[in-house]
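This report concerns only the one structure given below.
By convention in this document, chain letters (A, B, ...) are assigned in the order of the sequence lines, proteins followed by strands, and residues within each chain are numbered from 1.
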Amino acid sequence: MAEKKNQEYNHRLIEKKWQLLWEKKKIFQAKNKGKKFYSLMEFPYPSGDGLHTGHVRGYTAMDIISRKRRMEGFNVLYPIGWDAFGLPTENYAIKTGISPFKVTKTNTDIFRKQFKELGMSFDWSREVNTTDPNYYKWTQWMFLQFLKHDLAYKAKIAINWCPKDKIGLANEEVVDGRCERCGTLVEKRDKEQWLLRITRYADRLDKDLDTIDFQEKIKLQQKNWIGKSVGVEIEFPISNFQFSNKEDTKIKVFTTRPDTIFGATYLVLAPEHKLIQKLKSQIINWDEVLKYINIVKNKSELERTSEGKEKTGVELKGIKGRNPATNQEIPIWIADYVLLSYGTGAIMAVPADDKRDEEFAQKFNLPIVKNYKPAGFEDFGKQVVKFKLRDWIFSRQRYWGEPIPVVHCQRCGIVPLSEKDLPLKLPKIGRYEPTDTGESPLASISNWVNTRCPKCGGRARRETDTMPNWAGSSWYYLAYAMQGISSTLREPISKYQKTLKYWMPVDWYNGGMEHTTLHLLYSRFWNKFLYDIGVVTTSEPYKKRTSHGLILARGGEKMSKSKGNVINPDDIVKTYGADTLRMYEMFMGPFEEAISWNDDNIFGVLRFLERFWRLKEKISKKSKSDQKFEALFHRTIKKVNDDIESMAFNTAISAMMILLKEMERREFVLKKEYEVFLKILSPFAPHITEELWRKLGHKKLIIEEKWPKPDLKKMIDLEVKIVVQINGRVRAECLIETGAKETEVLELARTLPDVNKWLIGKEIKKIIYVPNKLLNLVMV
RNA sequence: GCUCGGAUGGCGGAACAGGUAUACGCGCACGACUUAAAAUCGUGUCCCGUAAGGGAUGUGGGUUCGAUCCCCACUCCGAGCACCA
């Protein structure tokens, strides 16, 4: 009885065993030579909840690809690490008083264990952690390079402020006017902030998308976000006014439709436009103007955009502009539908052509010309390119992030730390709350804050802002390559150049769509900068980018703790095994699309694995299969191969299910064929296939075997089924040798009663023949 | 509002250089094995019709010998952007 039980498929008896053996043999450790393949899935934020089913989907997909590449002879790097700085850990620390260092340690331990239990073929020797001082030393080093090249600067700007998290947010972190993390309404606050000049790279970030293999929807989203538009800057003279400064005699507007200039009947400035203050003395209704400016200033972003888009504005009375095309005097208005941050902060309004201008003109009774004559594109100004992309707000007023390595010296101003003084370590503290003044808790640690200026030796204060959690993830793909040298990141940068050149770019990068305008754009920018200063040799970090769909709870809702509908992958692994979970998540539907979890369907793949396990009993010593089976067999090898490449994992598995059924139906299974089947299944279900491979008596592991190639000649059937249609409707089918000519098929078709009865007394007008597929007889 | 996806059995989904719609899986029904149940295996499973045949891929048109696939109009769902001149 016990003996019999051992022979049944039991994941508990095999999965751990192989995981330990892989680890012991260091089978997944990448070398730094050979034909390389760098596959990457976005590294996780190690939250206290552990891995969720969505993680499993993405990591399994890249694990399948990585395992296949290894069998194809590539030197594969499939690394893993932890993006561990960030708010949830800090908030947890505030709530419990437990140090974020400790929380991070606990959480990464859990994640690591879970990944191992899933059989992920990570190179654990290259594990990185963004909160490790050896790691963030480099994040800080890169910040200093930005600073050195004038790409990091501090400025007082109106930022998005989350009053609950007490933190400034980048534009990319504001969703529908609310904080991306906690959903609180975002306020505007004037604050000194660090910014990175990502806008200097806007054009390259846009253009270079054409050189890389990203999914179209990803490229589109990035293009929309960068928002490149080509237009013309046109100067409208201000009439009836004497200026001391010549520059101030004109209002510069940006338009993508300079051809509509003859229809421009008024000008609009953004309320924050600098010129307004300069024109103050000439504006008759200044009180009214000032009142409007203040109202706009105090409106939140959400209010400004959500008030039904009802247009508001005030005319600047006392001054007029002149349309250079018509030479007519036109009024000048200010209105908040014109944004200071885009173009020149001023527009020429063409109410006949632009919907917003039309609404505004109607509300305030401004003239609308129809039937104006079109102008040439550059007749009244010169062509310029504008972007929607804004500079990246790079500082956060929080504890749990990389300290920004500069000091503020009373005499020298902002002074960067010397590179040899990195890392600037985050001091351990007892309280993690942000201060009410909106400063980081670091500000209250006087023995850390008060320091000496590296330049003059005088008194100085450390910068207390920290970096956003997008910093560490902007270059982690480089860290994996660097990490390989000696398992540390301690060497000077020159030591890493060879290995960086060898590994970069990442060959295949998978991740979530939610990171398209954040992480993906930031890291491309970061890499381009490092390319420009000679640290890396490719200007794009990722050759190919794909994305996985979300996994939703049953019924299509998002999984969430509050709804109690969260599926814990640990439970599935425990009950059914890692191989079953991996295969289920790959089989459940199209990889790129969102899909609902359904426990019932797990049994489908579990049964498949159990049946596969039993198949070994049918192995025979015979040496040849029939041609028909071989055709199916080789077609399956090809399909599994091609489907993995296009991430159509669901149909790859379905093809293997069909093959299994066919092999069960037959009286015997050839050992050769069985082994090939094991190999093509192995990336999906690595444990059971290693076990069965070993049971066949092999000493080597299946992961060390070669990926099978289909025999294209054997894929072709000797006979094919041809569908016979009459007037496009299927009436019969017949078997005929592959590659038969039209006349042969027609001759055979005529003999079929189901065809013949439609032909009686009628004339065939036209014959359409698709070789090996279909014959369509068109009748009168 | 704009941009991009999507809509196929009871359910998840296949089929895309226009060529047998519903592969594969789940569920369900019946049968075999069991004293019995579970498990397993086998058969069936879009709708109407005894059949011949007809109707079905969100809706309505069009192109074509032939349309899930291409074109036009619309409805609904999802994602992204959102006064970007």
Donor on one side chain, acceptor on other, A:His548 and A:Glu592, under 3.5 Å: no
Inter-nucleotide P distance (B:A29, B:G78), Å rounded: 34 Å
Interatomic distance, A:Lys363 NZ vs B:C83 P [rounded to whole Å]: 17 Å
Between B:U3 and B:U8 - C1' atom distance, rounded Å: 26 Å
Side-chain (A:Arg545) to main-chain (A:Phe214) donor-acceptor, under 3.5 angstrom: no
Counter-base of B:A29, judged by Watson-Crick or G-U geometry with both distances under 3.5 Å: B:U43
Qualifying residues under side chain to side chain contact (heavy atoms under 4.5 Å, CB included), relative to A:Ala352, sequence neighbours excluded: A:Ile368, A:Tyr372
Residues in side-chain hydrogen bond (donor to acceptor under 3.5 Å, both in side chains) contact with A:Lys219, at least two apart in sequence or another chain: none
From CA spacing to verdict: side-chain hydrogen bond (donor to acceptor under 3.5 Å, both in side chains), A:Asp353, A:Thr260: CA-CA 8 Å; A:Asp353 204 73; A:Thr260 65; 5.2 Å; no
Interatomic distance, A:Lys639 NZ vs B:C16 P [rounded to whole Å]: 8 Å
A:Lys661 side chain near B:G25 phosphate (N/O to OP1/OP2, under 4.0 Å): yes
P-based separation of B:A73 from B:A79 [nearest Å]: 25 Å
Residues that A:Asn727 engages under side chain to side chain contact (heavy atoms under 4.5 Å, CB included), provided they are two or more places apart: A:Val778, A:Met779
Sugar-phosphate, base or nothing in reach of A:Leu774, heavy atoms under 4.0 Å: base
Partners passing ring pair (Phe, Tyr, Trp, His ring centres under 6.0 Å) against A:Phe236 (at least two apart in sequence or in another chain): none
hbond_proxy A:Lys311 side chain to B:C83 base (donor-acceptor, 3.5 Å cutoff): yes
A:Lys311/A:Glu358 ion pair, N-O < 4.0 Å: no
Value in whole Å for how far the P atom of B:U20 lies from CG of A:Asp754: 18 Å
Short side-chain N/O contact from A:Arg729 to OP1 or OP2 of B:G55, under 4.0 Å: yes
Inter-nucleotide P distance (B:G25, B:C71), Å rounded: 34 Å
Residues in side chain to side chain contact (heavy atoms under 4.5 Å, CB included) contact with A:Ile226, at least two apart in sequence or another chain: A:Ala202, A:Leu205, A:Asp206, A:Phe387, A:Leu521
Any-strand Watson-Crick or G-U partner of B:G5, both distances under 3.5 Å: B:C77
Heteroatom pairs (N/O) under 3.5 angstrom, protein to nucleotides 5-14 of chain B:
residue: B:G12; atom: O2'; partner: A:Met588; partner atom: O; Å: 2.7
residue: B:A14; atom: OP1; partner: A:Asn650; partner atom: ND2; Å: 3.0

First of A:Ala655 and A:Asn727 reached from the 5' end of RNA chain B, by closest nucleotide: A:Ala655
Watson-Crick or G-U wobble partner of B:A36, both distances under 3.5 Å: none
Distance, rounded to the nearest Å, where A:Lys721 contributes NZ and B:G19 contributes P: 16 Å
A:Lys223 atom NZ, over 12 foreign heavy atoms within 6.0 Å: yes
Syn-anti status, with the boundary at 90° from 0, for the nucleotide B:G6: anti
Interface residues of residues 512-525 of chain A with RNA chain B (non-hydrogen, below 4.0 angstrom): none
Distance, C1' atom - from B:U75 to B:A23, rounded to whole angstrom: 30 Å
Strictly under 3.5 Å: I want the nitrogen or oxygen pairs between protein and nucleotides 27-29 of chain B, one per line.
none

Verdict with supporting geometry, A:Trp758 and A:Asn756, side-chain hydrogen bond (donor to acceptor under 3.5 Å, both in side chains): CA-CA 5 Å; A:Trp758 296 93; A:Asn756 195 43; over 6 Å; no
Base paired to B:U64 (Watson-Crick or G-U; both N/O distances under 3.5 angstrom): none
C1' gap between B:G6 and B:A17, integer Å: 22 Å
Spacing between A:Leu775 atom CG and B:G66 atom C1', to the nearest angstrom: 13 Å
A:Arg731 side-chain N/O to B:G54 phosphate OP1/OP2 under 4.0 Å: yes
P spacing across the pair B:G5 / B:C70, given as an integer number of angstrom: 11 Å
Span that lies between the C1' atom of B:U57 and that of B:G13, in whole angstrom: 13 Å
Contacts of type side chain to side chain contact (heavy atoms under 4.5 Å, CB included), residue A:Phe377, not counting sequence neighbours: A:Val232, A:Pro258, A:Gln383
Complement of B:U20, any strand, by Watson-Crick or G-U distances under 3.5 angstrom: none
From CA spacing to verdict: ring pair (Phe, Tyr, Trp, His ring centres under 6.0 Å), A:Phe587, A:Phe684: CA-CA 10 Å; A:Phe587 185 62; A:Phe684 296 83; over 10 Å; no
Complementary nucleotide of B:C83, counting Watson-Crick and G-U pairs under 3.5 Å: none
Qualifying side-chain hydrogen bond (donor to acceptor under 3.5 Å, both in side chains) pairs, either residue in residues 577-591 of chain A, two or more places apart: A:Asp63-A:Arg582, A:Asp579-A:His687
Length of the NZ-C1' vector between A:Lys219 and B:A79, whole Å: 20 Å
Protein-nucleotide distance (A:Lys388, atom NZ; B:C81, atom C1'), rounded to Å: 6 Å
A:Glu617 CD to B:C41 P, straight-line distance once rounded to whole Å: 12 Å
Step-by-step ring pair (Phe, Tyr, Trp, His ring centres under 6.0 Å) determination, A:Tyr266 to A:Phe360: CA-CA 11 Å; A:Tyr266 61 100; A:Phe360 192 79; 5.8 Å; yes
side-chain hydrogen bond (donor to acceptor under 3.5 Å, both in side chains) partners of residues 631-643 of chain A, not counting sequence neighbours, each pair once: A:Lys68-A:Asn641, A:Arg635-A:Asp717, A:Lys638-A:Asp642, A:Lys639-A:Asp643, A:Asn641-A:Trp707, A:Asp643-A:Thr651
Partner nucleotide of B:A14 by Watson-Crick or wobble geometry (both distances under 3.5 Å): none
Please tabulate, one pair per line, each protein N/O and nucleotide N/O from nucleotides 43-52 of chain B that are separated by under 3.5 Å, including the distance.
none

B:U20 base / A:Lys773 side chain donor-acceptor hit below 3.5 Å: no
Parallel, tilted or perpendicular, as decided by the 30° and 60° cut-offs, for the rings of A:Trp392 and A:Tyr522: parallel
